[in-house]
Amino acid sequence: MPIIVNLDIMLEKRGMKSNELADMVGITTANLSILKTGKARAIRFSTLEAICEALECQPGDILEFIKD
Amino acid sequence: MKDHTKILSIVTYVVILTSVSILLNELREFNFEQFKEFQSWALTADKNAPWWTSENALQWSYYAISAGLFFWRGYLIYGFTYFLSILKEIEKGNYFSDKNISSFKKVGNIFIGYAINVFILKMILAAVEGSRFVAMEQLKEGFSLLIPAGLAFYILAEIFKQAQANQVDNELTI
């Protein structure tokens with residue numbers, strides 16, 4: 001998929017752990033792992049909003065488009 | 001839902017048991033002496049004579065076709081057992097499982113296979129008996145309804161396949 005999820009990079013920048021982010025966003029660590037590994041088929045605006053709020057970043061910092 | 005599937009399972013069991021008992025009863029009433037007649041005919045038959053000229057051979061054909069009809073009815077009853085497997089999956093909450101999709105396809109195959117084979121056997125039977133075979137009249141009989149029923153199960157299998165894909169999409173939407 002040409003959409004790359006850069007959650008790992010943002011988590012490292014903020015010095016945050018996956019389970020902390022999952023708690024803040026209100027999703028399970030399993031679902032966060034699906035998102036991090038790029039296995040997710042779609043992301044809800046509400047989830048994206050919660051992630052951006054927790055990581056204090058823009059959607060573009062998390063999602064990146066790379067042409068196949 | 002669980003209660004409904006239980007009721008449906010009981011109804012399916014009743015249908016299967018009733019069908020099996022009817023089939024066994026008809027098998028019991030079927031004239032198996034015919035088979036012995038064939039054996040004695042096979043011993044005394046003129047090996048050089050063409051088989052279709054012998055009256056006993058025609059009787060044997062009749063027997064074989066009747067046995068074929070019994071076999072296909074048994075096959076149809078076997079098809080009903082897939083409903084139990086579907087209901088079991090639904091009870092577990094696996095509505096769009098691979099097992100259900102394949103069961104729907106198998107039921108469709110069995111229904112259509114049964115209808116086509118019975119149609120062919122009845123056509124051969126009419127030829128053996130020397131009676132008139134009218135295809136349109138045969139299609140008015142109950143078994144021909146299994147063709148649209150089988151097609152409906154193919155459609156259900158496709159719908160469930162699509163629903164399974166949608167379910168995966170939904171589960172992977174974070």
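Computed from a prediction, not measured in an experiment: that's the story for all the values here. Here is the naming used below: chain letters follow the sequence lines, and residue numbers restart at 1 for every chain.
The environment of B:Y13 atom OH is sparse: at most 12 non-hydrogen atoms of other residues, nucleotides or ligands sit within 6.0 angstrom. No more than 12 heavy atoms of other residues, nucleotides or ligands sit less than 6.0 Å from atom CZ of A:F45.
In this structure, chain B has heavy atoms under 4.5 Å from both the backbone and the side chain of A:I43.
Looking at B:I174 and A:R44, their side chains never come closer than 4.5 Å, going by heavy atoms from C-beta outward. Within the 4.5 Å cutoff, the side chain of A:R41 has heavy atoms near those of the B:V168 side chain.
A continuous path of hydrophobic side-chain contacts links B:Y78 to B:F70 [ILVMFWY only; heavy atoms under 4.5 Å].
Among residues two or more places apart in sequence or in another chain, the side-chain hydrogen bond (donor to acceptor under 3.5 Å, both in side chains) test is passed with A:E53 by none.
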